[in-house]
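Lettering follows sequence order; numbering is per chain, from 1. Just so it is clear, the structure is predicted and the values come from calculations on it, not from any experiment.
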Number of protein chains: 2
Amino acid sequence: MRTGQVAAEAGVNIQTLRYYERRGLLPEPPRRDSGYRSYGTKSVAVVRFIKRAQGVGFTLAEVEMLLHLAQGGPTDCEAVRDLAHEKVRDLDRRIESLHAMRVSLERLVETCDRPKRSRECPLIEALGGGPVAVGDGRLMNVAGERS
Amino acid sequence: MRTGQVAAEAGVNIQTLRYYERRGLLPEPPRRDSGYRSYGTKSVAVVRFIKRAQGVGFTLAEVEMLLHLAQGGPTDCEAVRDLAHEKVRDLDRRIESLHAMRVSLERLVETCDRPKRSRECPLIEALGGGPVAVGDGRLMNVAGERS
DNA sequence: CTTGACTCTGTATGCCGGTACAGGGTCTAT
DNA sequence: ATAGACCCTGTACCGGCATACAGAGTCAAG
């Protein structure tokens with residue numbers, strides 16, 4: 001497959017493919033004599049995976065870890081294991097947050113037309129408490145540590 | 001409370017508060033005669049909520065919707081309802097994806113040291129299929145529509 | 001062998017979410 | 001009344017994630 005086809009099937013821009021390649025997310029495909037990239041069909045799945053993972057809140061750096069982890073080097077089983085476990089814990093936290101939001105949202109909808117107004121917002125109450133320490137630190141700079 | 005205190009308790013930079021204020025995420029607090037902002041304690045919860053929501057994959061634009069929705073204007077109950085439902089569906093999709101990832105990751109770990117190598121990656125297989133249409137369209141430009 | 005669609009590389013640009021800095025007031029303790 | 005910590009506004013800058021454009025080569029159909 002050529003670039004345009006992969007891009008179309010994966011639902012992304014051609015430039016995006018090249019960008020992922022530069023970032024090391026997408027392995028460099030072999031080239032024809034012309035210099036054209038020649039992708040295997042798996043590439044589409046990989047790109048879609050990247051998009052899904054992103055849509056769910058992972059950064060490209062994290063996606064990269066997931067991918068490398070998925071492609072699992074031969075000997076680094078231990079490392080893969082640890083990383084995977086860490087990611088699973090991360091996922092659990094994310095899922096938990098999403099659940100909490102979901103519950104709050106539904107409660108919000110429920111109480112919405114009952115006491116007309118003046119009900120306090122369950123969303124923020126449910127999720128605004130406690131110090132913020134989300135996932136694995138992306139975007140975080142909690143303690144004001146100099147970056 | 002003054003800016004610095006809110007920032008410290010919420011675990012963000014002062015500038016971030018002002019940024020959120022500019023974006024309309026954080027309501028403009030009253031000012032002292034000196035011009036200093038004077039926040040109520042709820043602000044901390046709001047900021048924390050923003051951070052959580054972000055950490056879980058919402059953009060600030062989405063967070064803004066959630067917040068406005070949470071603060072629920074008086075009459076827009078219908079609209080609030082719809083929006084909330086939509087967000088809940090969005091959350092469900094996210095949760096589903098995370099679950100799938102979770103399962104795949106664990107399968108990956110399991111099969112990791114069993115057949116030494118050559119097992120195919122369940123992560124990408126599980127999540128690389130089908131067209132990408134995550135959540136509510138953030139980051140998406142699926143059909144190659146000219147923007 | 002020309003035309004139009006496609007691809008290549010490289011560089012520039014744009015949006016999002018902050019973060020930093022300059023230049024200046026305010027507050028509090030001594 | 002002055003030092004030091006804090007806050008104000010405004011503007012500039014940064015990293016992440018793309019996306020666009022320029023200038024040139026490739027390919028398939030007529």
Side-chain angles (χ1 to χ4, degrees), chain A residues 1-26 28-39 43 47 50-65 132 134 136-147, chain B residues 1-26 28-39 43 47 50-65 67 132 134 137-147:
Chain A
M1 298 174 82
R2 300 193 308 189
T3 318
Q5 213 183 332
V6 173
E9 290 192 21
V12 301
N13 194 306
I14 288 179
Q15 325 277 23
T16 304
L17 291 183
R18 307 220 304 102
Y19 176 65
Y20 289 168
E21 190 178 316
R22 278 205 301 287
R23 300 250 335 199
L25 287 173
L26 212 50
E28 292 189 27
R31 304 293 188 110
R32 304 216 182 123
D33 289 0
S34 60
Y36 283 23
R37 288 169 181 79
S38 177
Y39 290 98
S43 302
V47 175
I50 294 171
K51 280 314 200 182
R52 283 243 168 61
Q54 265 189 308
V56 126
F58 287 101
T59 64
L60 287 189
E62 291 173 320
V63 173
E64 192 178 351
M65 296 181 77
V132 176
V134 177
D136 57 326
R138 79 191 196 100
L139 297 171
M140 294 290 101
N141 185 6
V142 173
E145 292 280 288
R146 59 166 62 252
S147 60
Chain B
M1 299 174 83
R2 299 192 308 189
T3 318
Q5 213 182 333
V6 173
E9 290 194 21
V12 301
N13 194 307
I14 288 178
Q15 324 278 22
T16 304
L17 291 183
R18 306 221 303 104
Y19 177 65
Y20 289 168
E21 191 179 314
R22 279 205 301 287
R23 299 248 338 198
L25 286 173
L26 212 50
E28 292 190 27
R31 303 292 189 112
R32 304 218 183 121
D33 288 1
S34 60
Y36 283 23
R37 288 169 182 78
S38 177
Y39 291 99
S43 303
V47 176
I50 294 172
K51 281 312 199 183
R52 283 244 166 60
Q54 266 189 307
V56 125
F58 288 101
T59 64
L60 287 188
E62 291 173 320
V63 173
E64 191 177 352
M65 296 181 77
L67 282 174
V132 175
V134 176
R138 81 193 194 97
L139 296 170
M140 294 291 101
N141 184 7
V142 173
E145 293 279 289
R146 58 167 62 250
S147 62

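Rounded to whole angstrom, the span from the CD atom of B:Gln54 across to the C1' atom of D:dG16 amounts to 14 Å. Here the C1' atom of nucleotide D:dC6 and the CZ atom of B:Arg18 are 14 Å apart, to the nearest Å. One atom, CZ of B:Arg31, and another, P of D:dC7, lie 12 Å apart when rounded to the nearest Å. Whole-Å rounding puts the B:Met1 CE to D:dC6 C1' distance at 15 Å. Look at CD on A:Gln5: it is 15 Å from C1' on D:dC27, rounded to the nearest Å. Following rounding to the nearest Å, B:Leu25 (CG) and C:dG18 (C1') show an atom-to-atom distance of 12 Å. Atom pair A:Lys51:NZ and D:dG16:C1' shows a separation of 12 Å (rounding to whole Å applied). Distance A:Leu60 CG to D:dG15 P: 16 Å, rounded to the nearest Å.
Close to C:dC16, at under 4.0 Å from its OP1 or OP2, lies no side-chain N or O of B:Arg22. Contact annotation: A:Arg23 side-chain N/O to D:dC17 OP1/OP2 distance is under 4.0 Å. Note on B:Asn13: every side-chain N or O is 4.0 Å or more away from OP1 and OP2 of C:dG17.
When each of D:dA18, C:dG18, D:dC27 is scored by its nearest atom to the side-chain atoms of B:Tyr20, the top-ranked nucleotide is C:dG18. When the nucleotides C:dT26, D:dA20, C:dC16 are ranked by their closest atom to the side chain of B:Ser34, C:dT26 comes out on top. Distance from the side chain of B:Tyr19 is smallest for C:dG17 among the nucleotides C:dG17, C:dC8, C:dA20. Closest contact between the side chain of A:Arg2 and the listed nucleotides C:dC6, D:dA18, C:dT9 involves C:dC6. Of the candidate nucleotides C:dT7, D:dT9, C:dT9, C:dT7 has the atom lying nearest to any side-chain atom of A:Thr3. The listed nucleotides are D:dC8, D:dC27, C:dG17; the one nearest the side chain of A:Tyr36 is D:dC27. Closest contact between the side chain of B:Ile14 and the listed nucleotides C:dT9, D:dT26, D:dC7 involves D:dC7. In the set C:dC16, D:dT19, C:dG18, D:dT19 carries the atom at the smallest distance from any side-chain atom of A:Gln15.
With rounding to the nearest 0.5 Å, the separation of OH in A:Tyr39 from CG in A:Leu26 is 5.5 Å. Atom CG of B:Leu67 is separated from atom OH of B:Tyr20 by 10.5 Å, given to the nearest 0.5 angstrom. Atom CD of A:Gln54 sits about 4.5 Å away from atom NZ of A:Lys51, to the nearest 0.5 Å. Note that CD of B:Gln5 and OG of B:Ser43 are 11.0 Å apart. Values are rounded to the nearest 0.5 Å.
The minimum heavy-atom distance linking B:Ser38 with B:Pro29 is given by the pair O-CB, 3.7 Å.
As judged by a 4.0 angstrom heavy-atom cut-off over every strand, A:Arg32 is placed among residues making no nucleic acid contact.
Residue B:Met1 places its CE atom among more than 12 non-hydrogen atoms of other residues, nucleotides or ligands, all under 6.0 Å distant.
Comparing A:Asp33 and A:Thr16 by the nucleotide of DNA chain D that holds the closest heavy atom to each, the one mapping nearer the 5' end is A:Thr16.
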